[in-house]
Amino acid sequence: QVQLVESGGGLVQAGGSLRLSCAASGRTFSSYAMGWFRQAPGKEREFVAAISWSGSITYYADSVKGRFTISRGNAKNTLYLQMNSLKPEDTAVYYCAAKSHRPADVAAEYDYWGQGTQVTVSS
């Protein structure tokens, strides 16, 4: 049983930066991938980025490539999303998620989810 705890959301001006964090607690798997998804009002949940257990493999949605960076802490139980050059269209609730083994860009593949944290980018 895994609990994902998120932090770092907030309000930022367009062009600014935010760093989201998500820590896994409770029982964890020896090897698991993690990812970030987001959902804006009236929109479907959207893939943002994913990372392998080792951190050596990363995937990004085209909309965030070059602006967002996903990473893991040394202990591999903490997930980060560094968001730079933020745009108003990045405004959404951001969710961290975890799954066994290989990373994926499909929400249904993930087994555990955080509570979501609001990111609002003003123009």
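Residues Val121 and Tyr94 are members of one and the same hydrophobic cluster, defined by side-chain heavy-atom contacts under 4.5 angstrom among Ile, Leu, Val, Met, Phe, Trp and Tyr. Placement of Met83 and Val93 in two distinct hydrophobic clusters is found when ILVMFWY residues are connected by side-chain heavy-atom separations under 4.5 Å, directly or transitively.
Taking both residues in full, the closest heavy atoms of Trp36 and Leu20 are given as CH2-CB, 3.6 Å, listed atom of the first, atom of the second, then distance. The two residues Lys43 and Gln39 make their nearest non-hydrogen contact at O-NE2, 3.0 Å. Nearest approach of Leu4 to Cys22, heavy atoms of both residues: CB-SG, 3.7 Å. Tyr32 and Asn77 make their closest contact through OH-CA, 3.2 Å (heavy atoms, listed as atom of the first residue, atom of the second, distance). Between Asp90 and Arg38, the shortest heavy-atom distance links the atoms OD1-NH1, 3.0 Å. Counting all heavy atoms, side chain and backbone alike, Pro103 lies closest to Tyr59 at CG-CE1, 3.6 Å.
The salt bridge (charged side-chain N to carboxylate O under 4.0 Å, His left out) test applied to Lys65 returns Asp62, not counting sequence neighbours. Annotation: side-chain hydrogen bond (donor to acceptor under 3.5 Å, both in side chains) contacts of Tyr95 (sequence neighbours excluded): none. Checked against ring pair (Phe, Tyr, Trp, His ring centres under 6.0 Å), Tyr60 has no partners two or more places apart in sequence or in another chain. With sequence neighbours left out, Ser123 forms a side-chain hydrogen bond (donor to acceptor under 3.5 Å, both in side chains) with no residue at all. By the side-chain contact (heavy atoms from CB on, under 4.5 Å) test, Thr120 pairs with Leu11, Thr91, Gln118, sequence neighbours left out.
Contact annotation: the side chain of Ile57 never approaches that of Ile51 to less than 4.5 Å [non-hydrogen atoms, C-beta and beyond]. Residues Lys87 and Arg67 meet the side-chain proximity criterion, which asks for heavy atoms closer than 4.5 Å. A heavy-atom distance below 4.5 Å is not found between the side chains of Trp113 and Cys96. Leu79 has its side chain within reach of Ile70: a pair of non-hydrogen atoms, C-beta onward, lies under 4.5 Å apart. In this structure, the side chains of Ser100 and Asp111 come closer than 4.5 Å at one or more pairs of heavy atoms. Side-chain contact between Arg72 and Trp53: present, with at least one pair of heavy atoms (C-beta onward) separated by less than 4.5 Å.
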Stepwise, does the side chain to side chain contact (heavy atoms under 4.5 Å, CB included) test hold for Leu81 with Val48?
-> CA-CA 10 Å; Leu81 185 68; Val48 176; 4.2 Å; yes
Go through the steps for Met34 and Tyr110 under the test side chain to side chain contact (heavy atoms under 4.5 Å, CB included), then give the verdict.
-> CA-CA 8 Å; Met34 300 187 75; Tyr110 288 80; 5.7 Å; no
Leu86 vs Leu18, side chain to side chain contact (heavy atoms under 4.5 Å, CB included): CA-CA, chis, key distance, verdict = CA-CA 8 Å; Leu86 282 162; Leu18 281 175; 4.2 Å; yes
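A donor-acceptor contact shorter than 3.5 Å is absent between the side chain of Arg45 and the backbone of Val106.
Ring-plane geometry between Phe47 and Phe37 is classed as perpendicular, the angle between the planes exceeding 60 degrees on a 0 to 90 degree scale with a lower cut at 30.
With rounding to the nearest 0.5 Å, the separation of OG in Ser31 from NE2 in His101 is 6.5 Å.
Among residues at least two apart or in separate chains, side-chain hydrogen bond (donor to acceptor under 3.5 Å, both in side chains) pairs with a member in residues 3-24 are Ser17-Asn84.
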